[in-house]
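Chain letters run A, B, ... following the sequence lines, proteins first and then strands; every chain starts at 1.
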There are 2 protein chains.
Amino acid sequence: MNTLAEENYLKSIYHLSIDAGNVSTNQIAASLNTKASSVTDMLKKLADKALINYTRYQGVSLTPAGEKIAVNIIRKHRLWEYFLVEKLKFKWDQVHDMAEEMEHISSAELIDRLDEFMDYPQHDPHGEPIPDCNGRFNASELKAISTLSVNNCGTIAGVRDHSSSFLQYLEKQQLTLGKKISITEIVEFDHSVILQTENKKEIHISREVANNLLIAL
Amino acid sequence: MNTLAEENYLKSIYHLSIDAGNVSTNQIAASLNTKASSVTDMLKKLADKALINYTRYQGVSLTPAGEKIAVNIIRKHRLWEYFLVEKLKFKWDQVHDMAEEMEHISSAELIDRLDEFMDYPQHDPHGEPIPDCNGRFNASELKAISTLSVNNCGTIAGVRDHSSSFLQYLEKQQLTLGKKISITEIVEFDHSVILQTENKKEIHISREVANNLLIAL
DNA sequence: TTCATAATTTAGATAAGTCTAAATTTTTTA
DNA sequence: TAAAAAATTTAGACTTATCTAAATTATGAA
Ligand SMILES: [Mn+2]
Ligand SMILES: [Mn+2]
Ligand SMILES: [Mn+2]
Ligand SMILES: [Mn+2]
């Protein structure tokens, strides 16, 4: 089928496509920790396989075939993360790297049975929607805290950054999925945000954190 | 750590070492569906890493370090097979190829938690013993049917061949794990064996099948 | 519009793992 | 025990996925 490297490129292009249109060589290189020249080589290969639309110097987008593969990898990633947290009792900050390996296990029947075994979960441990076996899923309607205004309130429902360090920080601040918060103040100077939790505790978070913490209204 | 190719070579050498002493280049090539020259290249690399004892033209054996890695791969293989059958409800003839991929997932904590999740199973779906997290396990005391004599009886407890075709054949003959059988006759001419099952049904199996079907006495 | 800078691609190398064909060593057989 | 056969290794090549350094193309500031 496709090599591990090809799968990782497709997944990276998919993720980068969400907030941009065409994805640039340098963006891909940064997200995969590789060099632009390596990316160019791979883009030629993926274009030959008709998995991406590629014109020299113009960046790339996924073809429907490429998108299908990418979504399937993401489905596997999120289902394995859910398995690791719900069945094997890992913390949400421990599972991403393991899922990076497990998402490449090829069997479709395996992943469909895993989905059934876990009773078709809709969201992974980081609040991301899990595509079904046909690749369909609802686009996230979550908003970053940084887009809200004073007095807005909502429930923490997702994160944009999956790094252990960020998730551990949230854990320590008790800013975990399901917690209800309201915006008390947005500091003009540095765009940091002061929140209030259900039990009236005030938490001051940086702009960076506010950008990566997602709320359902 | 070790590459996927290295892990597969170590596992192959481990399995081939069980009934021979030193393992030959050609044996490894046959078991991995590769060419003898490729094997030689890899043997040099594994010897450099001190995972095998290798002298040109003399075959190889695992060092303790190599054996430890091999047993760990086998532990992962068998635990994933058990998971696929017990939790995801696959048949015993469907799981080997998936486990060949899953055995390379690296996290030790993951496999230890999987072991715990399944309550420390002792045998995989083919009757093979599962090493514990320290690599310890009881050597199988099972005997091939071909080593028994007339009137011996016992319980089917394992298989030597894990191919789908063999397992499906056994399934059709209802020669599955746990079934009690006794030897009715051993045909002089072709060493085929006539068995009797608990419900008095007679089954005639070839020498080949008798070699690959294991009994606990 | 022009030129400096940034982005991207090309050229040429490297490492892992594999292959075929040829050479070497071991084993078997006569 | 010497030649033939089998097993194994070496030589040289190929593929995939990388890299660095150099060349090319695009962009945006003057
Ligand atoms: Mn993840
Ligand atoms: Mn996730
Ligand atoms: Mn198996
Ligand atoms: Mn097995």
Side-chain angles (χ1 to χ4, degrees), chain A residues 1-17 19-62 66 69-70 73 100-101 103-104 106, chain B residues 1-17 19-62 66 69-70 73 100-101 103-104 106:
Chain A
M1 268 273 24
N2 303 288
T3 66
L4 188 139
E6 288 168 355
E7 291 188 344
N8 283 334
Y9 274 89
L10 292 172
K11 182 165 59 107
S12 165
I13 294 167
Y14 180 89
H15 281 130
L16 293 168
S17 298
D19 20 41
N22 264 24
V23 178
S24 76
T25 301
N26 271 356
Q27 280 179 292
I28 299 168
S31 104
L32 292 176
N33 271 300
T34 182
K35 295 295 143 85
S37 56
S38 307
V39 174
T40 300
D41 287 343
M42 182 59 88
L43 295 184
K44 288 177 189 162
K45 193 169 26 145
L46 293 174
D48 283 347
K49 289 186 157 197
L51 300 175
I52 60 172
N53 307 114
Y54 173 54
T55 332
R56 281 164 75 229
Y57 293 101
Q58 300 309 130
V60 294
S61 61
L62 293 176
I69 294 167
I73 305 288
E100 287 288 305
E101 284 185 70
E103 70 191 10
H104 301 288
S106 57
Chain B
M1 267 281 17
N2 302 289
T3 66
L4 188 139
E6 287 168 356
E7 290 187 346
N8 283 334
Y9 274 89
L10 291 172
K11 182 165 60 107
S12 165
I13 295 165
Y14 180 89
H15 284 310
L16 293 168
S17 297
D19 20 41
N22 264 24
V23 177
S24 76
T25 300
N26 271 356
Q27 281 180 291
I28 299 168
S31 105
L32 292 176
N33 270 298
T34 183
K35 295 294 143 87
S37 56
S38 307
V39 174
T40 300
D41 287 344
M42 182 59 88
L43 295 184
K44 288 176 189 164
K45 198 179 9 155
L46 293 174
D48 282 347
K49 289 187 156 198
L51 300 175
I52 59 171
N53 306 114
Y54 173 53
T55 333
R56 280 164 75 226
Y57 294 102
Q58 300 310 132
V60 295
S61 61
L62 294 175
I69 294 166
I73 305 288
E100 287 288 306
E101 284 186 70
E103 71 191 7
H104 301 289
S106 57

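Looking at the side chain of A:Tyr54, the nearest of the listed nucleotides C:dT9, C:dT18, D:dT9 is C:dT9. For B:Thr25, counting side-chain heavy atoms from C-beta on, the closest listed nucleotide (D:dT9, D:dA26, D:dT18) is D:dT9. Of the candidate nucleotides D:dT18, D:dT10, C:dT10, C:dT10 has the atom lying nearest to any side-chain atom of A:Thr40.
The backbone N or O of B:Ile13 sits less than 3.5 Å from a side-chain atom of B:Ser17, completing a donor-acceptor pair. Judged by distance alone, with hydrogens and angles left aside, the side-chain atoms of B:Gln58 form no donor-acceptor pair with the main-chain N or O of B:Thr55 at under 3.5 Å.
In this structure, B:Ser38 reaches the bases: a heavy-atom distance under 4.0 Å links it to at least one base atom across the strands shown. Among the atoms of the strands shown, base atoms are found under 4.0 Å from some heavy atom of A:Ala36.
Using a 4.5 Å cut-off on side-chain heavy atoms (C-beta onward), A:Asn8 and A:Ile73 make no contact. Under the 4.5 Å side-chain criterion, counting only non-hydrogen atoms from C-beta, B:Tyr9 is in contact with B:Ile28.
As a whole-Å value, the separation of B:Asp41 CG from C:dT20 P is 13 Å. For B:Asn26 and C:dT27, the CG to P distance is 13 Å, given to the nearest whole Å. For the pair B:Met42 CE and C:dA16 C1', the interatomic distance rounds to 8 Å; values are reported in whole Å. A:Arg56 places its CZ atom 13 Å from the C1' atom of C:dA7, with the value rounded to the nearest Å. Between A:Lys35 atom NZ and C:dA13 atom P there is a gap of 19 Å when expressed in whole angstrom units. Atom P of nucleotide D:dT8 and atom OH of B:Tyr57 are separated by 10 Å, given to the nearest angstrom. The CD1-P distance, from B:Ile52 to D:dT8, rounds to 13 Å in whole Å. Taking atom NZ of residue B:Lys49 and atom C1' of nucleotide C:dA16, one finds them 11 Å apart after rounding to whole Å.
Looking at B:Ser37, its side chain comes within 3.5 Å of the base of C:dT20 through a donor and an acceptor atom.
When each of A:Thr3 and B:Leu43 is assigned the nucleotide of DNA chain D bearing its nearest heavy atom, the one mapping closer to the 5' terminus is B:Leu43.
At a threshold of 4.0 Å, the pair B:Lys11-B:Glu6 does not count as salt-bridged, since none of the basic side-chain nitrogens sits closer than that to a carboxylate oxygen.
OP1 or OP2 of D:dT18 has at least one side-chain nitrogen or oxygen of A:Tyr9 nearer than 4.0 Å.
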